[in-house]
Amino acid sequence: MGRIRQLSQSLINKIAAGEVIERPASVVKELMENAVDAGATRIDVAVETGGVDLVRVADNGSGIAPDDLPLAVASHATSKLAEADDLFCVRTLGFRGEALASIGEVSRLLVRSRTPDSPSGYQIEVNGGRVFEVAPCGCPVGTSIEVRQLFFNTPVRRKFLRSTQTELGHVSEAFTRVALADPTLHCTLRHNDRAMFELSASDGWIERIGRFFGRELAEALIWVESTQGPIRLAGYAAHPGQTRSHNRMQYLFLNRRAIRDRSLQHALAEAYRGLIMTGRYPIAFLSLELPPDEVDVNVHPTKLEVRFQDSGRLYSQVLSTLRSKFLATDLNTRVPSATPDPSETGIDPLQAVAMRQQVVDWAKGKVSGWGEQETPPILTPAARSSYGDSSSPRAPLELTRLDRSWAPAGRPTEPDDPFGPIPENPATAPTVAEVSTPVEAAPPEPLGGQPLHALQVHNRYLVAESDEGMLVIDQHALHERILYEHLRQRVAQGSIEAQQLLVPEPVDLTPAESAAALEQRDVLARLGLKIEPFGGDTILVASYPAMLANINPGEILRGLVECLLAGGKTPDHRDLFDELLHTVACKAAIKAGDRLSPAEITSLLEQRHLIEDAHHCPHGRPTALVFTREQLDKHFKRV
Ligand code: ADP
Ligand code: MG
């Protein structure tokens with residue numbers, strides 16, 4: 001190590017830029033926040049090439065006086081904090097005085113501004129940290145800031161930028177957060193001269209949410225509000241029928257600043273506990289107002305995270321407000337229209353039956369010509385939902401019969417002293433639930449020639465005898481696995497056929513989702529899902545995988561996009577393909593709650609032997625638990 005040296009201002013700025021400016025979206029966020037702080041009622045954002053070539057944010061706020069222009073672009077210079085105590089009572093979005101200096105260090109920055117009392121505007125330019133003289137210019141009252149060629153002088157940073165679509169998705173998300181925080185702001189967003197959003201000041205909050213995320217979601221929102229002491233909570237929580245597989249649709253605003261907060265997200269999850277499936281996340285738009293001295297916003301460079309003085313109190317306010325609202329609301333009267341939960345309810349039972357049969361047939365190769373010459377007639381999603389035989393509540397489950405010829409003959413089961421001694425004191429006999437960690441079942445050997453029996457418990461689980469001991473099988477998980485394997489084998493023999501829609505179906509996505517979908521357009525097309533941009537964040541689905549004839553194309557797309565956005569690495573074609581098969585298998589499988597006939601139970605149990613790795617459903621949940629005889633014996637104190 002060499003001597004300790006004071007860093008140059010330029011290097012300090014570059015380091016600060018590293019914290020605050022990660023990508024074009026960070027520029028959009030910082031500039032829009034500055035406009036809000038300047039009291040603007042209108043903000044126009046324009047970006048080119050996902051914001052990498054240009055971000056321009058123009059506002060009608062208070063403007064910057066010419067003398068202040070050099071300070072505005074200098075680091076640690078702000079008009080928002082006067083003395084140290086102000087830091088603990090921040091009422092503005094910015095206060096660190098770092099954004100413009102950081103941006104100027106890593107781009108070509110041009111600030112033009114005019115205060116209301118000034119006859120003309122003034123501008124200042126910063127080029128990779130080099131500040132130019134203030135010069136007069138013509139401009140309307142307010143401020144317009146242009147940021148060109150972000151990271152042109154920091155190639156390493158530039159390399160981390162993703163495709164235009166992805167960057168645009170982030171830009172759009174940053175825009176969304178500011179626009180949602182205050183629906184009275186008139187905001188617009190343009191990309192390469194195409195209007196993406198034109199939001200007028202007269203929007204209510206719910207209209208604005210609808211503009212971003214679709215009417216379907218907006219219609220499923222439930223208003224919640226409460227005031228406890230100085231804390232006011234208000235906003236919308238979505239009907240539990242509307243969920244996502246990720247928590248990115250949980251928008252929290254604190255004094256009009258979009259924040260992330262694990263504790264509050266946890267409160268949200270708690271409020272929905274029992275109303276939605278595990279693994280799904282609720283959707284909410286909640287705004288909190290509390291005295292600025294009760295929260296520390298100076299804990300995170302981009303202020304995305306904050307620290308509450310009394311986070312326990314907020315937690316319980318969010319939880320109790322939502323819970324009591326849900327209790328007072330008849331959640332059943334509103335039929336959730338979108339994204340029905342795959343493995344539980346939500347899907348029209350008749351549709352489910354038809355779909356299940358179709359998938360089973362398809363997997364068995366029964367449906368001739370699917371995706372070959374005679375594709376089935378295309379139904380619109382509405383027509384599709386009425387598909388099915390209304391006379392019978394559920395068609396019997398028909399699965400490929402087990403071909404026993406290949407199977408080794410299993411040992412016959414021999415009941416071993418079924419009337420053996422019962423525990424002396426039944427009250428002290430341990431219950432099954434206490435059995436020490438049951439191990440996951442390995443596929444049992446076929447029981448040569450014997451029909452397989454099981455007891456169906458709560459229309460959910462099958463309890464069966466196996467050579468090893470006793471099996472408890474999750475009927476949905478097992479059937480899902482069976483279908484998945486059939487599908488996989490079937491598809492492995494040929495490619496995925498696309499089914500053209502006569503009328504392409506528009507699907508509303510979030511900005512990040514639509515960006516991800518468009519970016520992976522080619523991969524999706526290989527799966528039979530052809531999509532086109534359709535203005536805003538609406539995507540047109542032009543074709544879909546033929547094997548999914550009864551699943552709403554929007555749902556297929558959402559499922560795949562969730563997979564695209566989940567986790568760090570970009571999923572490849574195989575991952576997506578797998579996701580697709582999971583979706584079909586999950587949708588088509590019998591559900592928890594379906595009563596099965598003895599024949600169906602036998603059929604399911606037989607299929608179990610055909611499936612490698614049958615002890616896990618495709619989502620990784622176990623399909624069965626085994627209680628070995630030794631465990632049972634030990635437990636009942638027989639050994
Ligand atoms: P901060 O927002 O933390 O104060 P910035 O670097 O973002 O720091 O901005 C520096 C200063 O420039 C602000 O304090 C403000 O006085 C001025 N400024 C920046 N953008 C605008 C704008 N759009 N309208 C009016 N003043 C602005
Ligand atoms: Mg700022």
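Both counts, for ligands and for their atoms, begin at 1 and track the order of listing. Heavy-atom basis, side chains included; hydrogens, waters and symmetry copies ignored.
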Verdict with supporting geometry, Arg260 and Asn247, side-chain contact (heavy atoms from CB on, under 4.5 Å): CA-CA 10 Å; Arg260 290 246 128 204; Asn247 62 9; 3.8 Å; yes

N or O contact, Ile145 vs ligand 1, cut-off under 3.5 Å: no

Numbered atoms of ligand 1 (with element) below 4.0 Å of Lys80, judged on heavy atoms: 1 (P), 2 (O), 4 (O), 13 (C), 14 (O)

Atoms in ligand 1 flagged as close to Gly94, the criterion being non-hydrogen separation under 4.0 Å: 2 (O), 3 (O)

Geometric N/O contact Ala99 with ligand 1, under 3.5 angstrom: yes

Enumerated ligand 1 atoms positioned under 4.0 Å from heavy atoms of Glu98: 6 (O), 8 (O)

Nearest protein heavy atom with distance in Å, relative to atom 6 (O) of ligand 1: Leu100 N, 2.9 Å

Ala181 backbone acceptor or donor facing Arg257 side chain under 3.5 Å: no

Can you give the donor-acceptor pairs under 3.5 Å from side chains of residues 308-315 to other protein atoms, not counting sequence neighbours?
{"from": "Gln309", "atom 1": "NE2", "to": "Asp293", "atom 2": "O", "distance (Å)": "3.3"}
{"from": "Asp310", "atom 1": "OD1", "to": "Arg313", "atom 2": "N", "distance (Å)": "3.2"}
{"from": "Tyr315", "atom 1": "OH", "to": "His266", "atom 2": "ND1", "distance (Å)": "2.8"}

Residue-atom pairs from the protein, N, O or S only, that lie under 2.8 Å from the Mg ion (ligand 2): Asn34 OD1

Contacts of Ser26 that satisfy side chain to side chain contact (heavy atoms under 4.5 Å, CB included) - sequence neighbours left out: Ile21, Glu22, Arg23

Option with minimal heavy-atom separation from atom 26 (N) of ligand 1, where the choices are Thr92, Ile64, Leu71: Ile64

Thr143 contact mode with ligand 1 (heavy-atom cut-off under 4.0 Å): side chain

Ring centroid separation Phe212 to Tyr251 under 6.0 Å: no

Enumerated ligand 1 atoms positioned under 4.0 Å from heavy atoms of Ala72: 10 (C), 12 (O)

Verdict with supporting geometry, Arg521 and Leu518, side-chain contact (heavy atoms from CB on, under 4.5 Å): CA-CA 5 Å; Arg521 216 163 140 177; Leu518 289 172; 4.1 Å; yes

Validation row, ring centre Phe285 to ring centre Phe253 under 6.0 Å: no

Shortest protein heavy-atom distance from atom 16 (O) of ligand 1, along with the residue and atom involved: Ser79 OG, 2.5 Å

Whether over 12 other heavy atoms sit under 6.0 Å from Phe152 CZ: yes

Over 12 foreign heavy atoms within 6.0 Å of CZ, Arg262: no

Set of residues satisfying side chain to side chain contact (heavy atoms under 4.5 Å, CB included) with respect to Arg91, sequence neighbours excluded: Cys89, Pro292

Test of proximity, Arg96 against ligand 1: N or O pairs below 3.5 Å: yes

Neighbour count >12 (heavy atoms, 6.0 Å) for atom CZ, Arg158: yes

Qualifying residue, where the test is side chain to side chain contact (heavy atoms under 4.5 Å, CB included) with Val47 and the options are Leu168, Val147, Val27, Asn192: Leu168

Numbered atoms and elements of ligand 1 in range of Ala77, under 4.0 angstrom, heavy atoms: 10 (C)

Minimum heavy-atom distance between Ala179 and Leu199, given as atom pair plus value: CB-CD1, 3.9 Å

For Gly97, the ligand 1 atoms whose distance to one of its heavy atoms is below 4.0 Å: 1 (P), 3 (O), 4 (O), 6 (O), 8 (O)

Ala38 neighbourhood, listing ligand 1 atoms whose heavy-atom distance to it stays under 4.0 Å: 24 (N), 25 (C)

Minimum-distance protein heavy atom relative to atom 23 (N) of ligand 1: Asp59 OD2, 2.8 Å

Ligand 1 to Ser62 polar contact by distance, N or O atoms, under 3.5 Å: no

Polar atom proximity, Asn34 to ligand 1 (N or O, under 3.5 Å): yes

Atoms of ligand 1, numbered as shown, that sit under 4.0 Å from any heavy atom of Thr78: 1 (P), 4 (O), 14 (O)

Check: Arg256 side chain, Leu93 main-chain N or O, donor-acceptor pair, under 3.5 Å: no

Within 6.0 Å of CZ in Arg232, more than 12 heavy atoms from elsewhere: yes

